[in-house]
Amino acid sequence: MATSTLEESYKENPQSLQHILPIDFHLIQEVPNSHLWPNINNSPINHDDKSPNVPIIDLLAPNVVELIGHACKTWGIFQVVNHGVPIEFFDEVESQARRLFALPAEQKVKVVRSTSGATGYGTARITPFFSKFMWHEGFTIMDSPLDHAKELWPHDYQEFCDVMENYQKKMKALSFQLWLLILNYLQPSQEHLMNSFEFTQALQLNSYPCCPNPNHAVGLAPHTDSLFLTILHQTNNTKGLQILKKDQGWTSIAPISNDALIVNVGDLLHILSNGEFPSVYHRVLVDQTKHRVSLAYFFGPQVDSTIVPLVSFEKNVGVVVPKYRKVKVKEYLSLKAKHLETVFSLIRS
């Protein structure tokens, strides 16, 4: 039987074109009612630029396994330094992303994501769950962007392809390194788990144009990510990402340096950890004067994989009961595409 791909799994949950095609931000002078969010600032917001409590993980630290495990358990998000990817590389990817988003709307629409597709230009997949649209445009890549790049730049597409394919290779290697460290923390005695998954990936280029009324617009509405891990690079050291932290409200996560990467736990890692690692609820705000671009790399198991919560034996407790039933990745993605925030309640054991 042929192996399903992440891209194929989205075909079963098509979306309407009105929920895919962004507005032409180049023409907008004020925020239209369709994008006006009345309740964005209801929760207290922490604007502390340094985000002092978010763990910072040095991948060269001798106790890196314990550091990452503790960060996943207490925050579900951390920043990574000494990851081995040179800062110039991020500059190249950002330059190509900005090149794409600077194209006229009539050019970008040539590569708009199809109603049953997963790659190409368009809005966030969570768009149908909200009554208002987001101040955002994106471009999703799974492996090679060649076909789309040829549409956008018929005679000058190769550099874009090379840069994006290279970036995915580097992020996949880094993701696998992080995965092994996390697995070592969760189940240090079960080495067979290290080879129990084949992996899939997706790269999302995000554009948050300058917004005339940022207090009533949202770049990305609150959500969690679906796969194991997300590696985010916020370009030019700009911030916009916020996480909802218990007892603290919405907390801004600003990169500590231009080459720092933000890593967050996704739903499938939350399930695999038997709820020990929180899947981070996050959103993105916009800015009046800065056009922000970010790079989000998603890493997880192939869609035919089955996720079984890891349970352990604890003194005075005995065997820990699984909080979730085992679930196939493809089934989980389908459930989330239909139910979004209530999806965990549907797979509780």
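Atom set for the values below is all heavy atoms of this structure, side chains included, hydrogens, waters and symmetry mates excluded.
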Quiz item: Is Arg98 paired with Glu94 through a side-chain N to carboxylate O contact shorter than 4.0 Å?
Solution: yes
Quiz item: Does a donor on one side chain and an acceptor on the other come within less than 3.5 Å for Gln242 and Ser252?
Solution: yes
Quiz prompt | Joint cluster assignment, Phe133 & Val286, ILVMFWY side-chain distance < 4.5 Å | solution = no
Quiz item: With sequence neighbours left out, what residues match Phe299 under ring pair (Phe, Tyr, Trp, His ring centres under 6.0 Å)?
Solution: Phe199
Exercise. Check the side chains of Gln204 and Tyr297 for a donor-acceptor pair under 3.5 angstrom, ignoring hydrogens and angles.
Key: no
Quiz item: With the 4.5 Å side-chain cut-off for hydrophobic clustering, are Val327 and Val308 part of the same group?
Solution: no
Quiz item: So, Asp156 and Arg99, do they make that salt bridge, N to O below 4.0 Å?
Solution: yes
Quiz item: Going by heavy atoms in the side chains, are Asn206 and Leu295 under 4.5 Å from each other?
Solution: no
Exercise. For side-chain contact (heavy atoms from CB on, under 4.5 Å), just list the numbers for Ile28 and Trp135, CA-CA rounded to whole Å, side-chain angles, deciding distance to a tenth of an Å, and then say yes or no.
Key: CA-CA 11 Å; Ile28 299 296; Trp135 204 260; 3.5 Å; yes
Quiz item: Between atom OG of Ser334 and atom OH of Tyr10, what is the distance when rounded to the nearest 0.5 Å?
Solution: 11.0 Å
Practice problem: Could you tell me whether the side chain of Lys108 and the main chain of Phe101 form a donor-acceptor pair under 3.5 Å? | Solution: yes
Quiz item: Going by distance alone, is a donor N or O of one side chain under 3.5 Å from an acceptor N or O of the other, for Ser305 and Lys330?
Solution: no
Quiz item: Within the distance-only criterion (no hydrogens, no angle test), does the side chain of His282 pair as donor or acceptor with the backbone N or O of Val280 below 3.5 angstrom?
Solution: yes
Self-check item: Sub-4.5 Å side-chain heavy-atom contact between Leu181 and Val64
Solution: yes
Exercise. Please state whether the rings of Phe90 and His83 are parallel, tilted or perpendicular, taking 30° and 60° as the class boundaries.
Key: perpendicular
Self-check item: Leu203 side chain reached by Met164 side chain, heavy atoms, under 4.5 Å
Solution: yes
Quiz item: Does a salt bridge link Glu276 with Lys73, judged by any charged N lying under 4.0 Å from a carboxylate O?
Solution: yes
Quiz item: For the side chain of Glu8 and the backbone of Thr5, is there at least one donor-acceptor N/O pair under 3.5 Å apart?
Solution: yes
Quiz item: Roughly how far apart are Gln107 CD and Trp153 CH2, rounded to 0.5 Å?
Solution: 9.0 Å
Practice problem: Measure the CG-OG1 distance between Leu205 and Thr140 for me, rounded to the nearest 0.5 Å. | Solution: 8.0 Å
Quiz item: Mind checking whether His35 and Phe25 have parallel, tilted or perpendicular rings, split at 30° and 60°?
Solution: perpendicular
Exercise. Answer with yes or no whether the side chains of Lys326 and Thr306 bring together a donor and an acceptor at under 3.5 Å.
Key: no
Quiz item: Would you call the rings of Phe139 and Phe160 parallel, tilted or perpendicular, where under 30° means parallel and over 60° means perpendicular?
Solution: perpendicular
Practice problem: Please test Lys336 against Glu341 for salt bridge (Lys or Arg N to Asp or Glu O under 4.0 Å), starting from the C-alpha separation and ending with a verdict. | Solution: CA-CA 8 Å; Lys336 189 170 183 182; Glu341 290 183 17; over 6 Å; no
Practice problem: Please report the C-alpha distance between Cys72 and Ile182 in whole Å, then the side-chain angles of each, then the deciding distance to 0.1 Å, and finally whether the side-chain contact (heavy atoms from CB on, under 4.5 Å) criterion is met. | Solution: CA-CA 8 Å; Cys72 287; Ile182 289 168; 4.0 Å; yes
Quiz item: Backbone N or O of Asn33 within a donor-acceptor pair of the Lys132 side chain at under 3.5 Å?
Solution: yes
Quiz item: Side-chain contact, heavy-atom cut-off 4.5 Å: Tyr167 with Glu92?
Solution: no
Quiz item: Is there side-chain contact between Thr115 and Ser16, with heavy atoms separated by less than 4.5 Å?
Solution: no
Quiz item: Considering all heavy atoms of both residues, which atom of Phe298 and which atom of Leu227 are nearest to each other, and what is their separation?
Solution: CB-CD1, 3.9 Å
Exercise. Heavy atoms only: give me the nearest Val54-Phe78 pair and the separation to one decimal.
Key: CG1-CA, 4.1 Å
Quiz item: Roughly how far, to the nearest 0.5 Å, is OG of Ser114 from CD1 of Ile20?
Solution: 7.0 Å
Practice problem: I would like to know whether Tyr157 and Leu146 meet side-chain contact (heavy atoms from CB on, under 4.5 Å); could you show each step before the answer? | Solution: CA-CA 8 Å; Tyr157 57 83; Leu146 180 62; 3.6 Å; yes
Quiz item: With a 4.5 Å heavy-atom cut-off, do Gln79 and Pro255 have their side chains touching?
Solution: yes
Quiz item: Could you give the distance from NZ (Lys170) to OG (Ser175), rounded to the nearest 0.5 Å?
Solution: 13.5 Å
Practice problem: Please collect all ring pair (Phe, Tyr, Trp, His ring centres under 6.0 Å) contacts where either partner lies in residues 252-275, sequence neighbours excluded, each pair once. | Solution: His270-Tyr324, His270-Phe344
Quiz item: With distance as the sole test, does Thr74 use its side chain to make a donor-acceptor pair with the main-chain N or O of His70 at under 3.5 Å?
Solution: yes
Quiz prompt | Shortest non-hydrogen contact from Tyr332 toward Ser226 | solution = CE2-O, 4.3 Å
Quiz item: Any side-chain heavy-atom pair from His216 and Val31 closer than 4.5 angstrom?
Solution: no
Exercise. Output the distance between atom OG1 (Thr230) and atom CG (Asp225), rounded to the nearest 0.5 Å.
Key: 3.5 Å
Self-check item: N/O donor-acceptor pair under 3.5 Å between Gln15 side chain and Arg125 backbone
Solution: yes
Quiz item: Does Asn82 use its side chain to pair, donor to acceptor, with the backbone of Asp58 at less than 3.5 Å?
Solution: no
Quiz item: Can a donor-acceptor pair be found between the side chains of Asp143 and Gln201 at a distance below 3.5 Å?
Solution: yes
Exercise. Would you check if the side chain of Trp37 reaches a backbone N or O of Met134 as a donor-acceptor pair within less than 3.5 Å?
Key: no
Practice problem: Work out which heavy atom in Leu36 is nearest to a heavy atom in Pro38; give both atom names and the distance. | Solution: O-CD, 3.5 Å
Quiz item: When Val81 is tested against each of Asp259, Leu60, Ile256, Leu261 for side chain to side chain contact (heavy atoms under 4.5 Å, CB included), which residue passes?
Solution: Ile256
Self-check item: Audit row: His223, Arg283, side-chain contact (heavy atoms from CB on, under 4.5 Å) steps and yes/no
Solution: CA-CA 7 Å; His223 65 287; Arg283 70 180 184 183; 5.9 Å; no
Self-check item: Shortest non-hydrogen contact between Ile307 and Phe197, atoms and distance
Solution: CD1-CE2, 3.7 Å
Exercise. Could you tell me how the ring of His136 sits relative to the ring of Tyr208: parallel (under 30°), tilted (30 to 60°) or perpendicular (over 60°)?
Key: tilted
Practice problem: Check whether any side-chain N or O of Ser279 sits under 3.5 Å from a backbone N or O of Asp267 as a donor-acceptor pair, and report yes or no. | Solution: yes
Quiz item: Just by distance, do the side chain of Trp250 and the backbone of Ile243 share a donor-acceptor pair under 3.5 Å?
Solution: no
Quiz item: Can you tell me if Thr123 and Glu137 form a side-chain donor-acceptor pair at under 3.5 Å?
Solution: no
Quiz item: Can you find a side-chain donor-acceptor pair between Tyr185 and Glu66 that sits under 3.5 Å?
Solution: no
Quiz item: What's the shortest heavy-atom distance between Gln234 and Ile262, and which atoms?
Solution: NE2-CD1, 3.2 Å
